[in-house]
J.: 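My questions will all concern the structure given below.
In what follows, chains are A, B, ... by sequence order, proteins preceding strands, each numbered from 1.
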Protein chains: 2
Amino acid sequence: MTDTAPSTATRRYGTRPTMKDVAARAGVGLKTVSRVVNGEPGVTPDTERRVQEAITALGFRRNDSARILRKGRTASIGLVLEDLADPFYGPLSRAVEEIARAHGALLINGSSAEDPEREQELVLALCARRVDGLVIIPAGHDHRYLAPEMAAGVATVFVDRPAGRVDADAVLSDSFGGSRDAIAHLIAHGHRRIGFVGDLPGIHTATERLRGYHAAMSDAGLPVHDAWVSLGPTDPERVRAAATAMLNAAEPVTALFAGNNRVTVTVVRVLAERPEPAAPVALVGFDDFELADLLSPGITVIAQDSAQLGRTAADLLFRRLDGAGGDPQRVVLPTRLIPRGSGELPPPATSTP
Amino acid sequence: MTDTAPSTATRRYGTRPTMKDVAARAGVGLKTVSRVVNGEPGVTPDTERRVQEAITALGFRRNDSARILRKGRTASIGLVLEDLADPFYGPLSRAVEEIARAHGALLINGSSAEDPEREQELVLALCARRVDGLVIIPAGHDHRYLAPEMAAGVATVFVDRPAGRVDADAVLSDSFGGSRDAIAHLIAHGHRRIGFVGDLPGIHTATERLRGYHAAMSDAGLPVHDAWVSLGPTDPERVRAAATAMLNAAEPVTALFAGNNRVTVTVVRVLAERPEPAAPVALVGFDDFELADLLSPGITVIAQDSAQLGRTAADLLFRRLDGAGGDPQRVVLPTRLIPRGSGELPPPATSTP
DNA sequence: CCCGGCGCTGACAACGTTGTCCAGGGGCTA
DNA sequence: TAGCCCCTGGACAACGTTGTCAGCGCCGGG
């Protein structure tokens with residue numbers, strides 16, 4: 001029984017045809033196949049046709065591993081973020097991908113789960129793959145492990161949080177200014193006792209936002225009680241406990257500021273579950289989120305454009321890859337206060353003596 | 001001036017040290033370095049120490065491109081989805097990543113933007129990288145282009161929608177059953193004129209959900225007007241127009257079924273913007289989404305576990321990579337109706353004669 | 001004392017591609 | 001018609017790693 005079946009039957013499972021096979025089948029030299037595959041000039045139309053036929057007949061596809069090894073550039077960039085499932089990072093990674101695609105690069109990504117060790121492990125794995133560049137939302141505070149890589153030419157841009165102990169490009173949101181605006185907004189609406197529920201104190205944005213809180217309070221000449229500030233993990237239990245404690249204290253807070261969108265969502269739930277006669281509590285959240293306008297009241301937020309963050313970072317990365325020199329930059333993107341109702345609620349009458 | 005500066009100065013920018021360099025510096029053979037790097041046995045502690053020192057001194061990192069070329073396996077899998085920024089895919093890709101990580105594999109991903117050509121381009125680029133396997137949320141309907149790749153041993157699992165014109169594993173949600181349940185739920189609450197706003201008719205889930213709609217209507221002996229069904233892109237303008245038309249018709253629908261979470265969100269907005277005296281319209285959406293319970297009324301949804309979808313697909317993929325044979329499987333995961341209020345609103349009195 | 005075997009090490013080829021370089025043939029010009 | 005140049009095609013090395021295999025020295029047993 002003669003085997004006239006299509007390509008797939010002519011080679012054993014798991015083995016792919018190479019340019020050599022294509023060359024043999026087309027009756028040409030190896031390099032000619034390479035030229036055809038890469039669209040290089042210098043091949044007769046007739047020869048090219050023969051090669052193309054051999055390629056489709058064998059189901060050949062260029063092995064990029066070999067190509068990368070030879071050329072030194074991988075046409076891929078790595079993205080390390082905290083959690084792919086967090087809605088804040090969706091638009092960001094999509095924006096990075098879009099820019100990468102425009103530059104013909106693939107995106108390899110991974111989540112650090114806010115674990116510095118895992119971040120390092122991931123970053124080094126990406127470096128071993130010889131990605132051309134890295135976009136990192138850092139979890140740790142010491143990125144000296146990156147120094148040899150950066151020195152070897154791996155372009156690196158940090159996003160949302162700056163690098164630790166290493167000099168690198170960074171694209172950030174104005175956490176300090178945004179928070180100060182938020183608190184000033186609440187103060188302008190009559191609040192004096194304002195609670196802050198934020199992320200882990202080790203995270204740069206968390207401390208910046210806290211700094212903004214303190215700045216606005218002190219600008220207004222208002223005292224800050226320790227009990228009004230809570231930093232910690234953003235899991236619902238912790239946030240719920242922190243917010244509840246502030247609301248049920250002897251001198252309860254009349255407004256809350258939530259340090260990121262995870263916190264905001266949980267605080268919204270806590271407020272929604274309060275028994276009816278309770279006085280409404282004002283709320284401003286850092287980060288916009290979908291449907292914030294449809295809740296009642298709408299949630300006032302400090303919006304940062306996460307897609308813009310990603311775009312800016314990726315643009316900078318590719319500029320570096322294209323050879324742009326100069327000292328590491330720090331780009332800070334402005335935030336925008338979007339009033340929707342929850343931040344404009346006045347404090348209860350009794351609390352403004 | 002003698003160069004005693006650290007490693008980075010000893011090699012010119014952009015060139016990385018190789019095992020050969022390490023071997024030379026440690027005064028050992030190439031293969032010994034390889035052994036140390038890979039933790040293979042048969043190296044004297046003393047030799048190992050010398051090699052380790054050379055590695056850190058030079059800032060050596062193994063070049064995985066070469067390793068991959070040599071070994072044939074890349075320890076990476078590709079994920080192609082529709083849009084990284086869509087909240088439905090966040091948990092899914094996170095789940096896939098988690099499983100990949102457990103198997104020591106990296107995740108390379110890309111968005112097809114619902115464009116079949118872009119999907120193919122991406123998939124083939126991933127194949128050229130020789131990913132070990134692929135998880136695909138297909139945009140197109142003809143995946144014959146994958147046949148040579150699959151024959152060559154690239155494990156492939158389709159998620160959320162089945163493959164077209166090619167026999168492959170698929171992990172799906174029960175779109176048909178979920179929709180039928182949703183419509184039956186609305187019918188049970190007294191509705192007779194129910195609108196369906198869905199995704200593009202080319203998308204498998206969209207037609208399945210429409211089929212469920214028709215099945216439930218016909219089970220209840222209810223007629224379906226053409227004007228009650230609208231399939232199309234899920235951009236807000238189209239959805240807004242479709243929903244508004246159904247609500248303002250001479251015989252308006254009293255309930256709406258939204259074919260996915262993008263649609264649901266827009267419909268919620270449309271309903272929220274209706275002038276006050278309008279009768280409340282019931283709504284059930286396919287896909288759960290964050291905060292659905294906090295809107296008033298809460299939005300009744302057909303929940304599908306997108307993380308579970310991803311986990312199941314990735315598990316299946318790695319089973320295939322571990323050599324599991326057998327015919328392509330189709331796994332269908334159940335959906336769950338979560339009543340929250342919007343689906344239990346009765347029709348206005350006048351419409352139940 | 002000699003031999004077999006074992007533990008450690010290194011030389012070498014191969015993975016599949018691309019860059020360099022050279023050869024041959026055909027057409028054009030003097 | 002002869003010589004030169006350009007156009008096409010191919011041989012070969014190199015990218016950095018790992019698998020194979022062979023060699024060397026040392027130890028224990030006969």
J.: To the nearest Å, give me how far apart CZ (A:Arg73) and P (C:dG19) are.
T.: 14 Å

J.: If you count heavy atoms of other groups shown closer than 6.0 angstrom to CG of A:Asp327, is the number above 12?
T.: no

J.: Ignoring hydrogens and geometry beyond distance, is a side-chain donor-acceptor pair present between B:Arg62 and B:Asn38 at under 3.5 Å?
T.: yes

J.: Hey, could you give me the CD1/CG distance between A:Ile77 and A:Asn109, rounded to the nearest 0.5 Å?
T.: 10.0 Å

J.: Below 4.0 angstrom, N of the basic side chain to O of the carboxylate: do B:Asp46 and B:Arg50 qualify?
T.: yes

J.: Could you state the CE-P distance from B:Met19 to D:dA14, rounded to the nearest angstrom?
T.: 20 Å

J.: 5'-most contact on DNA chain C: B:Thr47 or B:Arg70, nearest heavy atom basis?
T.: B:Thr47

J.: Which nucleotide in the list D:dG19, C:dG16, C:dG10 gets nearest to the side chain of B:Val28?
T.: C:dG10

J.: State whether a side-chain donor-acceptor pair under 3.5 Å links B:Gln120 with B:His143.
T.: no

J.: How long is the line joining CD1 of A:Ile68 and P of C:dG19, in whole Å?
T.: 14 Å

J.: What is the distance, rounded to the nearest whole Å, between atom NZ of A:Lys20 and atom C1' of D:dA11?
T.: 13 Å

J.: Any carboxylate oxygen within less than 4.0 angstrom of a Lys/Arg side-chain nitrogen, looking at B:Arg94 and A:Glu82?
T.: no

J.: How long is the line joining CZ of B:Arg130 and P of D:dT17, in whole Å?
T.: 21 Å

J.: Once you round it to whole Å, what is the distance between C1' of C:dG16 and CG of A:Leu58?
T.: 15 Å

J.: Which parts of residues 29-40 of chain A get close to DNA chain D, meaning a heavy atom less than 4.0 angstrom away?
T.: A:Gly29, A:Lys31, A:Thr32, A:Arg35

J.: Between atom CZ of B:Arg130 and atom CD1 of B:Ile68, what is the distance when rounded to the nearest 0.5 Å?
T.: 11.5 Å

J.: So, does A:Thr44 get its side chain near the phosphate of D:dG9, meaning an N or O under 4.0 Å from OP1 or OP2?
T.: yes

J.: Would you mind reading off the distance between B:Leu69 atom CG and D:dT17 atom C1', rounded to a whole angstrom?
T.: 8 Å

J.: Mapping A:Arg61 and B:Gly42 onto DNA chain C by nearest heavy atom, which one lands closer to the 5' end?
T.: B:Gly42

J.: Starting at atom CZ of B:Arg67, determine the distance to atom C1' of D:dT17, rounded to an integer number of angstrom.
T.: 9 Å

J.: Which part of the nucleic acid, if any, lies within reach of B:Ser65 when heavy atoms closer than 4.0 Å are counted: base, sugar-phosphate only, or nothing?
T.: nothing

